[in-house]
Amino acid sequence: MSGKDRALILWFDEVGSGDTPLVGGKNANLGELTKAGIPVPPGFAVTAYAYKKFITETGIAEKIYKTIREIVRGRRSPKSYEEASRKVRSLIEATEPPEEVVKAIKEAYRKLCDRVGEEVFVAVRSSATAEDLAEASFAGQQETYLNVKGEDEVVKKVVKCWSSLFTPRAIFYREQKGFRHEDVLISVGVQMMVDAKSAGVMFTLNPVTGDRSQIVIESSWGLGESVVSGSVTPDEFVVDKETLRIIERRISEKTVERIRDPKTGETVEVEVPPERRRAPSLTDEEIVKLAELGKLIEAHYGSPQDIEWAIDRNLPFPDNVFILQSRPETVWSVRKTEKPAERRGEVGRVVLKGLPASPGVYGGVAKVVMSVEEASRTVKKGDILVTKMTNPDWVPYMRLAGAIVTDEGGITCHAAIVSRELGIPCIVGTGNATKILKTGSEYTVDARAGVVYEGIITESSGGDEPKEAAPVAEYVPVTATKVYMNLGVPEKIDDYKHLPFDGIGLMRVEFIMASYIGDHPNHLIETGRAQEFVDKMAEGIARVARAIYPRPVVVRFSDFKTNEYRKLRGGEKYEPHEDNPMLGWRGVSRYISPQYRDAFRLECRAIKKVRDEYGLKNVWVMLPFVRTTWEVEECLKIMEEEGLKRGRDFKVWIMAEVPSNVFLADEFAKLCDGFSIGSNDLTQLILGTDRDSQILPSIDPRYFDERDPAVLRAIEHLIEVAHRHGVTVSICGQAPSVYPEFTEFLVRCGIDSVSVNPDVVVQTRRLIASIERKILLEKAIGGGKT
Ligand code: PEP
Ligand code: MG
């Protein structure tokens with residue numbers, strides 16, 4: 001054994017990535033960074049050797065293993081693991097470590113204090129020593145103690161970390177896997193805590209587009225947990241890796257922060273004072289400094305990194321910038337598949353089946369929630385959100401989810417639409433997910449097949465990478481039929497703007513109303529805050545229109561139903577009860593009604609503001625759920641009064657989603673510049689099948705199927721009549737995002753554009769190109785259908 005092998009303490013600058021057996025993976029990584037000249041908060045590792053010395057010299061090693069053998073073996077029940085854990089942990093925690101070890105820890109802590117110039121708060125963390133073996137044996141049990149101060153406390157917490165090697169779950173895993181308890185050791189890291197003014201994560205590539213020429217920094221006030229857990233929407237800065245120029249900045253409203261209480265030293269969550277909420281949480285020089293460090297770390301490891309960082313509130317720039325952790329970043333893995341899915345190999349039992357509504361595979365912990373209030377309390381970033389059915393006011397929590405599973409709904413329900421847009425795997429219409437899946441348990445959601453497995457399982461084949469991943473650098477064909485994209489969550493445009501779409505074919509404003517505004521528009525009018533509605537709506541729309549200018553954005557006026565409007569703040573007062581809201585007061589009938597007309601005017605004013613004040617003339621509008629021509633005429637009149645008049649650069653589309661639109665296509669064509677087929681509602685109304693109910697489709701899926709001949713015939717007719725009247729036709733329902741043969745049908749009918757979900761933009765473009773070529777070939781050789 002060399003001196004290093006027998007050291008009780010090793011400072012971070014004495015270790016590197018080869019030293020995992022001595023100090024554990026986490027500490028070795030911090031050492032590696034320190035050595036590479038990266039400013040890591042100073043600290044040291046209490047080595048695995050120190051732990052070994054502790055259990056052998058005090059004579060407890062034998063007792064520990066004997067206790068486990070006696071209690072667990074033979075029984076192997078959850079109770080026995082708990083009992084063994086209790087006994088072993090109290091034995092460890094009651095045993096005084098050897099004098100030499102205690103002295104070494106205390107001395108190192110004092111040295112650390114001398115270095116910093118005061119008695120420092122430290123984080124005390126377990127660090128697994130043999131990654132594969134130990135990860136299984138730790139299984140999420142790595143204990144961490146924050147804000148520890150004073151040498152006695154540090155020793156105490158180190159001992160607690162040691163004892164965490166024997167949690168019931170850790171014992172269980174080792175037993176299950178046949179690992180010897182004797183073979184697993186533990187090191188503990190003791191590191192100065194940064195008193196974070198702001199903190200967050202940094203990716204040395206764009207984690208969404210995969211663009212390696214960019215560095216993306218997410219930042220919020222206080223400690224980094226709020227960013228990592230998703231409890232705030234962080235600021236986002238994009239830096240050009242080459243020039244270190246800040247090329248994009250998105251400042252969010254940051255309502256809460258986690259800080260260290262100056263009195264108790266405890267971490268507490270507090271509200272951010274109003275004046276700081278919308279202020280950038282990083283200065284430009286801090287952003288550039290972080291990006292510089294990101295570049296260095298990436299160069300050091302030779303691969304893109306996912307980095308945690310913090311800015312100290314007490315130190316001057318640049319000494320205040322600290323790197324806390326760095327790990328390799330695998331493109332796309334961030335959102336889609338958590339690491340454990342690759343790590344473990346068990347094949348789980350299928351516990352649930354439903355309709356695959358948004359593709360992808362995801363393993364994580366379930367949170368069963370029955371109300372949006374409950375969701376706000378319990379859903380954390382990366383959870384599997386399990387509920388009856390979602391509503392527009394659920395969107396903020398849906399965005400945190402790693403996957404979504406619902407009891408109800410078909411593939412055009414709210415949960416399905418939103419998940420596809422957000423790129424989150426989703427299964428709907430399971431019937432009883434909220435009863436079968438348990439909060440806190442791990443599952444794998446395979447939303448390609450519509451199946452939920454128990455536990456986290458390994459992907460067997462290449463898996464279903466998010467489809468938007470591929471495009472950026474690859475060849476994308478030109479098509480005569482335009483490919484539009486559906487988008488409702490404004491900030492998602494930043495993720496998708498590089499995709500090869502010709503415009504936004506459907507921007508649903510319900511997301512803005514539920515998530516950005518929150519109040520019922522009539523409530524805002526009544527309380528004198530109407531302008532707030534106009535401004536926030538305009539801001540959301542402008543964000544998208546600006547990002548993709550001059551490509552058009554077709555904004556659909558609101559299409560909530562009464563039950564959904566009622567959920568907005570103050571909504572109960574204005575929304576009557578309807579037995580069938582799906583067939584009720586929605587769409588244009590609302591805009592022309594005395595009860596909503598003024599609110600509709602606000603929607604119009606928002607459009608006008610975006611077009612006239614912001615100069616974004618690429619914003620057009622679309623009317624949903626149109627039943628009759630006279631209501632459109634009345635609606636157009638209101639729009640004109642608000643300064644929105646159809647013209648060369650302002651197009652008004654009508655959604656074709658009520659059968660009357662098809663029968664009277666020639667009449668409706670006179671009132672608009674284009675139709676957009678809402679195949680979700682149109683199918684529902686042609687087949688008479690409630691799109692949100694699973695009862696009929698569970699008898700036979702053909703009860704709700706856009707490929708039904710009646711639906712196809714209606715669409716064919718609409719396109720033909722529309723074209724005869726010089727009006728364009730698009731489609732924005734789910735069908736072309738799901739069925740390639742449906743898209744082929746539309747192209748063969750001569751549709752002008754197809755609007756699909758972000759995840760299928762590229763493949764739809766390719767598909768349409770091949771169909772168009774096929775049609776040309778058929779024409780050239782005189783065969784085919786057209
Ligand atoms: C449709 O009905 O096809 C459509 C796109 O609108 P929504 O799904 O919002 O009703
Ligand atoms: Mg519709």
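Both ligands and their constituent atoms are indexed starting at 1 by order of listing. Reckoned from all heavy atoms, side chains included, excluding hydrogens, waters and symmetry mates.
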Task: Numbering as shown, the atoms of ligand 1 that approach G678 to under 4.0 Å (heavy-atom distance) - done: 1 (C), 2 (O), 3 (O)
Open item on the list: Show the atoms of ligand 1 that are less than 4.0 angstrom away from any heavy atom in R586.
Closed with: 10 (O)
Open item on the list: If the cut-off is 2.8 Å, does any N/O/S atom of D559 fall short of it from the Mg ion (ligand 2)?
Closed with: no
Task: Close-contact set for ligand 1 against I417 heavy atoms, below 4.0 Å - done: 8 (O)
Open item on the list: Would R691 count as being in polar contact with ligand 1, using the rule that some N or O on each side must be under 3.5 angstrom apart?
Closed with: yes
TODO: Mark the output for H414 as yes if a heavy-atom distance to ligand 1 is under 4.0 Å, and as no if none is.
DONE: no
- [ ] Look at ligand 1 and say whether I677 reaches it with a heavy atom at a distance under 4.0 Å.
- [x] no
Task: Axial cation check for F745 ring with R707, 6.0 Å and 45° limits - done: no
Task: Ligand-side contact atoms (ligand 1) for residue partner M655, heavy atom cut-off under 4.0 Å - done: 4 (C), 5 (C), 6 (O)
Open item on the list: So if I count the atoms of ligand 1 from 1 in the order they appear, which ones are less than 4.0 Å from some heavy atom of C732?
Closed with: 5 (C)
Open item on the list: Whether K482 and D502 form a salt bridge (side-chain N of Lys/Arg under 4.0 Å from carboxylate O of Asp/Glu) is what I want to check.
Closed with: no
Open item on the list: Among all the protein's non-hydrogen atoms, which is closest to atom 6 (O) of ligand 1, and how far away is it?
Closed with: R556 NH1, 3.0 Å
